[in-house]
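Keep in mind it's a predicted model, so treat the numbers as computed, not measured.
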Amino acid sequence: MPAAPLDLDQLQTFITIADIGSFTRAAEEVHRTQSAVSMQMRRLEERVGKQLFEKDGRTNRLTEDGERLLVYARRLIRLNRETLAAFDDHSLEGHIKIGTPDDYADRFLPEIMARFLRSNPRVELSVVCEPTANLVEQIRRGQLDIALVTHDDDKGRSEVVRREPLLWVGSMNHEVHQEEILPLALGRPSCLWRRTACDVLDQMNRDYRIIFTSWSATVIMAAVLSGLAVSVLPECALRPGMRILGESDGFGALPDCRIGILRGHSSQPQIVDALARHISESLDNISVVPPANEDSGHFDFAGVAYGRGKRLRPSQMLPGW
């Protein structure tokens, strides 16, 4: 006999509890009594045959099985929204312009745009790839509706939607990081990551010289992978063939990279709000670290779109293709 399908209302409540960490507050959010929410979760646990929550002080923490279900629950709820939107005659319609640095465009935009456009088939998106400094200026001039940027307290108040480690990286096939005068490949002088890297090296009294300067992440990555220079990249920009450099390699810790959303003065705020919400939800679910197989030492780069991979360790290698 075929298994009964999962209840979407239960899954939505489950997601809300996972996000908020409290049955009581989640009940208020979904407009149900706490007893009704507790009953929903008991039925969901019975349906999947696993315990989904465990007490952690005054909050409810997901079990390992709960974390697994959360990934699928978010997918199912998004798919439900996409399905309803496809048949909605009053769905959003229009054209908006989104900007992002190429570091983020390569990793995040395909997933974000594909899902957003499936949910909003009447919306047309134009994408501009520029450094954060340029995007901030274009937002100010009204040339962009929305931008995904590297948050910089000095460059504008973006809404931070994701944090990632900023990492020193070199080539796994070269030892350029051991050179007495460290060669660097970095962005232009206004780049926040460049300023951060130089500040850390200055504090360490480490001699260095910048041999490549470019706004293009592709150029920076090429310099790293060819063994010409060391650079700093967020986790999402790591590529096969790179080596993460840490304190054991003589490199000081870097602050996290904060990814934020900037909104312009758009004539279509409904679409911008919907896209901003979609970006925030998507970035919360996209993992950038390939799940590691401790036995084989290999990484599953094809499987990073969903799920929560393990954080990479300093000196860990990312095998080339």
Side-chain angles (χ1 to χ4, degrees), residues 101-104 106-107 131-134 136 149-158 160 162-260 287-290 292 297 299 309-320:
D102 56 354
D103 314 70
Y104 304 150
D106 181 52
R107 177 63 193 93
T132 287
N134 294 7
V136 171
V149 299
T150 300
H151 179 86
D152 184 346
D153 293 328
D154 298 330
K155 299 282 185 178
R157 297 182 178 179
S158 66
V160 176
R162 186 181 178 95
R163 290 176 181 266
E164 291 187 1
L166 187 63
L167 303 166
W168 295 102
V169 293
S171 167
M172 66 175 291
N173 297 316
H174 304 84
E175 302 294 330
V176 66
H177 62 282
Q178 295 182 358
E179 292 188 13
E180 184 175 352
I181 299 178
L182 182 70
L184 295 174
L186 299 170
R188 294 186 183 178
S190 60
C191 173
L192 175 62
W193 299 342
R194 171 174 171 150
R195 300 198 307 267
T196 299
C198 292
D199 286 346
V200 170
L201 292 173
D202 289 339
Q203 291 168 14
M204 296 169 56
N205 294 317
R206 177 78 185 267
D207 291 332
Y208 63 88
R209 63 189 180 98
I210 299 173
I211 64 171
F212 282 98
T213 296
S214 176
W215 280 133
S216 169
T218 302
V219 171
I220 298 297
M221 291 177 194
V224 171
L225 290 171
S226 62
L228 295 175
V230 166
S231 189
V232 291
L233 294 172
E235 251 184 358
C236 64
L238 297 178
R239 292 295 180 268
M242 289 183 178
R243 173 182 179 178
I244 299 169
L245 304 169
E247 291 183 6
S248 62
D249 302 296
F251 290 86
L254 296 163
D256 281 352
C257 165
R258 293 176 291 172
I259 301 173
S287 74
V288 294
V289 185
F299 296 87
K310 298 181 180 180
R311 290 293 183 199
L312 297 175
R313 303 181 300 275
S315 299
Q316 190 164 346
M317 307 287 192
L318 301 184

Query - Test side-chain contact (heavy atoms from CB on, under 4.5 Å) applied to L166 and D256, L233, L254, the passing residue - result: L254

Query raised in the report: What are the two closest heavy atoms between A223 and A185, and how far apart are they?
Result: CB-CB, 3.8 Å

Query - Closest contact, heavy atoms only, L225 versus P240 - result: CD2-O, 3.5 Å

Report task. Write down the atom of C236, the atom of E164, and the distance for their closest heavy-atom approach. Result -> N-OE1, 2.9 Å

Report task. Apply side-chain contact (heavy atoms from CB on, under 4.5 Å) to I210 and C198, showing your working. Result -> CA-CA 10 Å; I210 299 173; C198 292; 4.2 Å; yes

Query raised in the report: So, are R195 and D202 salt-bridged, with charged N and O less than 4.0 Å apart?
Result: no

Report task. Check step by step if side-chain contact (heavy atoms from CB on, under 4.5 Å) holds for H174 and R243. Result -> CA-CA 9 Å; H174 304 84; R243 173 182 179 178; over 6 Å; no

**Report entry** Shortest non-hydrogen separation from L184 to A229 and the atoms involved
**Finding:** C-CB, 3.7 Å

Report task. Please assess T150 against R258 for the test side-chain contact (heavy atoms from CB on, under 4.5 Å), listing each intermediate value before the final yes or no. Result -> CA-CA 6 Å; T150 300; R258 293 176 291 172; over 6 Å; no

Requested in this report: Please tell me if the side chains of L201 and L182 come closer than 4.5 Å, counting only heavy atoms from C-beta onward.
Outcome: yes

Requested in this report: Answer yes or no on whether R162 is positioned over the face of Y104, meaning its NZ or CZ is under 6.0 Å from the six-membered ring centre and within 45° of the axis.
Outcome: no

**Report entry** Side-chain heavy-atom pair W168, S231 within 4.5 angstrom cut-off
**Finding:** no

Requested in this report: State which residues pass salt bridge (charged side-chain N to carboxylate O under 4.0 Å, His left out) with D102; sequence neighbours excluded, sorted by chain then number.
Outcome: none

Report summary line: Looking only at heavy atoms, the pair that brings I244 and D249 closest together is O-OD2, 4.0 Å

